[in-house]
Amino acid sequence: MPELPEVETIARSLREGTAEQPSILNCQIERVKLFWQRTLAEPAPTKLSHLIKGRKITDVGRRGKFLMICLGEVTLQIHLRMSGDLLIRMGDFPPDKHDRLILWLRNASGETLQLVFNDPRKFGRVWATSDPQRVLSALGPEPLDAALTPTIFYESLIRRKRLLKPLLLDQTFLAGLGNIYTDEVLHLAKLHPLRRSDSLKEDEAERLLAAIRSVLTEGIARNGASIDWVYRGGEFQNHFRVYGRAGQPCPECGTPITRIVVGQRGTHVCERCQPYFG
DNA sequence: CCTGAAACCTGTCTGC
DNA sequence: TGCAGACAGGTTTCAG
């Protein structure tokens, strides 16, 4: 499910609250239950409750596709992978079929709420650690961080001699893009996913960075993309240029969108707007 | 260093 | 209705 805009949307809703649910800031963790052992990357399952029970949630944020829930000296880091979701249930309910971890929280008003990690495919992972930087150490820069200048971006593209799409999906190169947003970005930038990263000219690299920021910003503004049964709330899926639109007309030129496979991932491209030359 | 294949998992959809 | 196969928003590991 989640790429940077979906994770950012979840982080904001937990931090700031929504019409349906309050913020989880300052809530205290009262009870912890893990339903699928492998969901917990760290620490050992028997040590989780002792590590986090009684702690208060001091902040909620995002780095790349990681949700960061600060509990003072300890941080919960959650990666949703393909099908994970993090949601609030007001009150005390029996677990759903795909719930993998539940934290029972109590807020300042004394209400009980559940912070639920639900993940049908069980690929998601949760870390509870006093050294969150270690888990994030391999991540590349944040795409929306102004410290990433067009010049730095261009030079890093040239340095890594790789196909454009797999490189953009590589979280050590840039943190946050996934399969949907990468296809959208490459179409907006008019670049073919099979272009070699070291073949880009400076103006193409600048165009690519601008497209990355434009697509991610729009995705966040639309609260992410809701597809299938997993993510709820976003509406960016109604504005896709190419993703999932094979056979339908390109929004720029009307040419039917093609579906190819690049690095084992379904890839959507307008062969006219995104011409391929070696 | 790069690429592709396989593994980790469950659910949905399509076609016969 | 049943069943096989393809496919799904991600990452890691291994072979070449």
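Just so it is clear: chains get the letters A, B, ... in the order the sequence lines come, proteins before strands, and each one is counted from 1. Treat the numbers as computed from the prediction; the structure is a model and nothing was measured. Side-chain atoms are counted along with the backbone in the values below, which use heavy atoms only and exclude waters and symmetry mates.
Here B/dT10 is the nucleotide among C/dG9, B/dG11, B/dT10 with the atom lying nearest to any side-chain atom of A/Arg121. Nearest nucleotide to the A/Trp36 side chain, out of B/dA6, C/dT12, B/dC9: B/dC9. Among B/dT10, C/dT12, C/dG9, the nucleotide with an atom closest to any side-chain atom of A/His98 is B/dT10. For A/Arg38, counting side-chain heavy atoms from C-beta on, the closest listed nucleotide (C/dT11, C/dG9, B/dC8) is B/dC8.
Aromatic stacking of A/Phe123 on C/dT11: not satisfied for centres closer than 5.5 Å together with planes under 30 degrees.
Heavy atoms of A/Arg160 sit under 4.0 angstrom from primed sugar atoms or phosphate atoms, though from no base atom. Heavy atoms of A/Tyr181 sit nowhere under 4.0 angstrom from any nucleic acid atom.
The side chain to side chain contact (heavy atoms under 4.5 Å, CB included) with A/Leu80 is formed by just one residue from the set A/Val126, A/Ile10, A/Asp119; it is A/Ile10.
A heavy atom lying under 4.0 Å from DNA chain B marks none of the residues of residues 170-179 of chain A.
The phosphate of C/dT11 has OP1 or OP2 within less than 4.0 Å of a side-chain N or O from A/Lys65. Phosphate proximity of C/dG9 to A/Arg265: present, with a side-chain N or O under 4.0 Å from OP1 or OP2. OP1 or OP2 of B/dC1 has not a single side-chain nitrogen or oxygen of A/Arg162 nearer than 4.0 Å.
DNA chain B forms stems at B:2-8 with C:10-16, B:10-16 with C:2-8, each a run of 3 or more consecutive Watson-Crick or G-U wobble pairs whose two key distances fall under 3.5 Å.
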With a 3.5 Å cut-off and sequence neighbours excluded, list the donor-acceptor pairs that the side chains of residues 178-190 of chain A form with protein atoms.
| from | atom 1 | to | atom 2 | distance (Å) |
| --- | --- | --- | --- | --- |
| A/Asn179 | OD1 | A/Lys165 | NZ | 2.6 |
| A/Asn179 | ND2 | A/Gly266 | O | 3.0 |
| A/Tyr181 | OH | A/Glu6 | OE2 | 2.7 |
| A/Thr182 | OG1 | A/Gly178 | O | 2.7 |
| A/Asp183 | OD1 | A/Lys165 | NZ | 2.6 |
| A/Asp183 | OD2 | A/His268 | N | 2.8 |
| A/Asp183 | OD2 | A/His268 | ND1 | 2.9 |
| A/Glu184 | OE1 | A/Arg241 | N | 2.6 |
| A/Glu184 | OE2 | A/Arg241 | N | 3.3 |
| A/Glu184 | OE2 | A/Val242 | N | 3.0 |
| A/Glu184 | OE2 | A/Tyr243 | N | 2.9 |
| A/His187 | ND1 | A/Arg241 | NE | 3.0 |
| A/His187 | ND1 | A/Arg241 | NH2 | 3.4 |

Show me the donor-acceptor pairs within less than 3.5 Å that the side chains of residues 106-115 of chain A make with the rest of the protein, sequence neighbours left out.
| from | atom 1 | to | atom 2 | distance (Å) |
| --- | --- | --- | --- | --- |
| A/Arg106 | NE | A/Glu30 | OE1 | 3.1 |
| A/Arg106 | NE | A/Glu30 | OE2 | 3.0 |
| A/Arg106 | NH1 | A/Gly110 | O | 2.8 |
| A/Arg106 | NH2 | A/Glu30 | OE1 | 3.4 |
| A/Asn107 | OD1 | A/Ser109 | N | 3.0 |
| A/Asn107 | OD1 | A/Gly110 | N | 3.1 |
| A/Asn107 | OD1 | A/Glu111 | N | 3.0 |
| A/Asn107 | ND2 | A/Glu111 | OE1 | 2.8 |
| A/Gln114 | NE2 | A/Asp92 | OD1 | 3.2 |
| A/Gln114 | NE2 | A/Phe93 | O | 3.0 |

For residues 64-75 of chain A, which side-chain N or O atoms pair as donor and acceptor with protein atoms under 3.5 Å away, sequence neighbours left out?
| from | atom 1 | to | atom 2 | distance (Å) |
| --- | --- | --- | --- | --- |
| A/Lys65 | NZ | A/Leu177 | O | 3.0 |

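The nearest whole Å value for the distance from the CD atom in A/Gln77 to the P atom in C/dT11 is 14 Å. Between the CZ atom of A/Arg100 and the C1' atom of B/dG11 there is a distance of 12 Å, rounded to whole Å.
The aromatic rings of A/Phe240 and A/Phe236 sit perpendicular, their planes meeting at an angle over 60°, well past the 30° parallel limit.
For A/Arg125 (side chain) and A/Arg38 (main-chain N/O), a donor-acceptor pair under 3.5 Å exists by modelled atom type.
The 12-atom threshold is exceeded at CZ of A/Arg134, counting heavy atoms of other residues, nucleotides or ligands nearer than 6.0 Å.
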Distances for protein N/O vs nucleotides 5-7 of chain C N/O pairs under 3.5 angstrom?
none

